[in-house]
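Data block below; observations after.
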Amino acid sequence: MIYFAVFLAVFIIIVFLEIAKHHHFFYLRKHENKYKSFELCNFINNEQSFSDKKIINCFLVTGEIVVCTNFFQYIFDYCICIIFGKIFSIEESYDYARREAVLKMEKNAKILSADTIINVKYSVVNLSPSAIISPPQIAVLAYGTALTFEK
Amino acid sequence: MIISNIDTVPNMKMICHYGLVSGNSVRTRTKMEELMASSKKITGGEINSYTDLLELARQEAVDRMEDQAKNKGANAIINVRFNTSMISVGTIEVYVYGTAIKVTSMDLARA
């Protein structure tokens with residue numbers, strides 16, 4: 001009976017966390033669509049790329065986030081990675097962290113009335129003490145140069 | 001102070017450069033923050049206290065770099081790069097570096 005109760009509790013937690021994760025991704029997609037008009041690129045020489053527009057202002061914008069992987073999903077994925085060779089939860093966490101960092105950077109740029117962000121770069125670090133025992137805590141710092149064009 | 005991570009400052013002409021400027025900041029999480037973040041370690045998702053920590057570290061590093069550039073007499077920093085690294089468990093270092101330059105507007109440069 002106790003084993004069944006523990007199994008049920010773990011199952012409910014996993015289902016709840018899965019719903020929460022989908023909720024996070026749903027809001028991420030919603031906000032990404034909101035900033036769809038915002039141009040993002042990785043050009044180096046802006047003067048050649050935007051020759052038809054006059055740049056009136058340029059400044060550095062950043063967006064940072066620290067994301068932790070779901071513990072239960074991480075342990076489960078770590079077990080099944082023996083067969084598939086792929087840890088899905090970490091993959092999702094990295095994807096989520098990078099996208100959210102870019103989104104925060106876009107928000108900061110929008111507040112300062114920028115039109116585009118060029119030369120976008122990432123700096124990623126894992127803050128977790130050990131890769132096996134605890135799930136990774138991914139710190140992502142996204143940065144770029146925001147430009148404002150003459151209207 | 002104009003800061004950008006591209007090679008030039010748009011619509012500006014570089015007069016002289018002052019070499020490399022840098023700034024760093026090392027921050028660690030407090031026991032309180034660690035306690036608050038422990039629940040997130042199980043459920044997953046964004047750890048707000050650590051995000052704030054990273055933001056503070058980044059801001060401090062940029063401020064230090066700016067001060068260094070100002071002391072040299074520069075008014076812009078180009079080619080800025082960030083480097084984030086973990087020193088020990090829960091301790092993060094943000095290192096930022098770039099080239100300090102002096103720029104003037106194109107019109108003034110032509111005159």
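So you know, we letter chains A, B, ... as the sequences are listed, proteins then strands, and number each from 1.
With a 4.5 angstrom heavy-atom cutoff, B:Ser85 touches chain A only via backbone atoms. Only the side chain of B:Ile2 has a heavy atom closer than 4.5 Å to any heavy atom of chain A. Of the atoms belonging to A:Val61, not a single heavy atom falls under 4.5 Å from chain B.
Checking each of B:Asp52, B:Ile47, B:Asn48 against B:Tyr50 for a side-chain contact (heavy atoms from CB on, under 4.5 Å) leaves exactly one that passes, namely B:Ile47. Of the candidates A:Thr62, A:Ile117, A:Leu141, A:Ile117 is the only one forming a side-chain contact (heavy atoms from CB on, under 4.5 Å) with A:Met105.
Along residues 15-27 of chain B, no residue comes nearer than 4.5 angstrom to chain A, judged on non-hydrogen atoms.
Note that CG of A:Leu127 and CG of B:Leu53 are 8.5 Å apart. Values are rounded to the nearest 0.5 Å. Of the inter-residue distances, the one linking B:Met12 atom CE with B:Ser105 atom OG reads 6.5 Å to the nearest 0.5 angstrom.
Counting heavy-atom pairs under 4.5 Å between each of A:Ala97, A:Cys58, A:Cys68 and chain B puts A:Cys68 at the top. Chain A forms more heavy-atom pairs under 4.5 Å with one residue of B:Thr91, B:Ile77, B:Thr84 than with any other, namely B:Thr84.
For A:Glu32, the salt bridge (Lys or Arg N to Asp or Glu O under 4.0 Å) criterion is met by A:Arg99, not counting sequence neighbours. Here A:Tyr143 pairs with B:Phe82 under the ring pair (Phe, Tyr, Trp, His ring centres under 6.0 Å) rule; sequence neighbours left out. For A:Ser113, the side-chain hydrogen bond (donor to acceptor under 3.5 Å, both in side chains) test picks out no residue, with sequence neighbours left out.
Here the side chains of B:Ile78 and B:Val103 are not in contact, with every heavy-atom distance at 4.5 Å or above.
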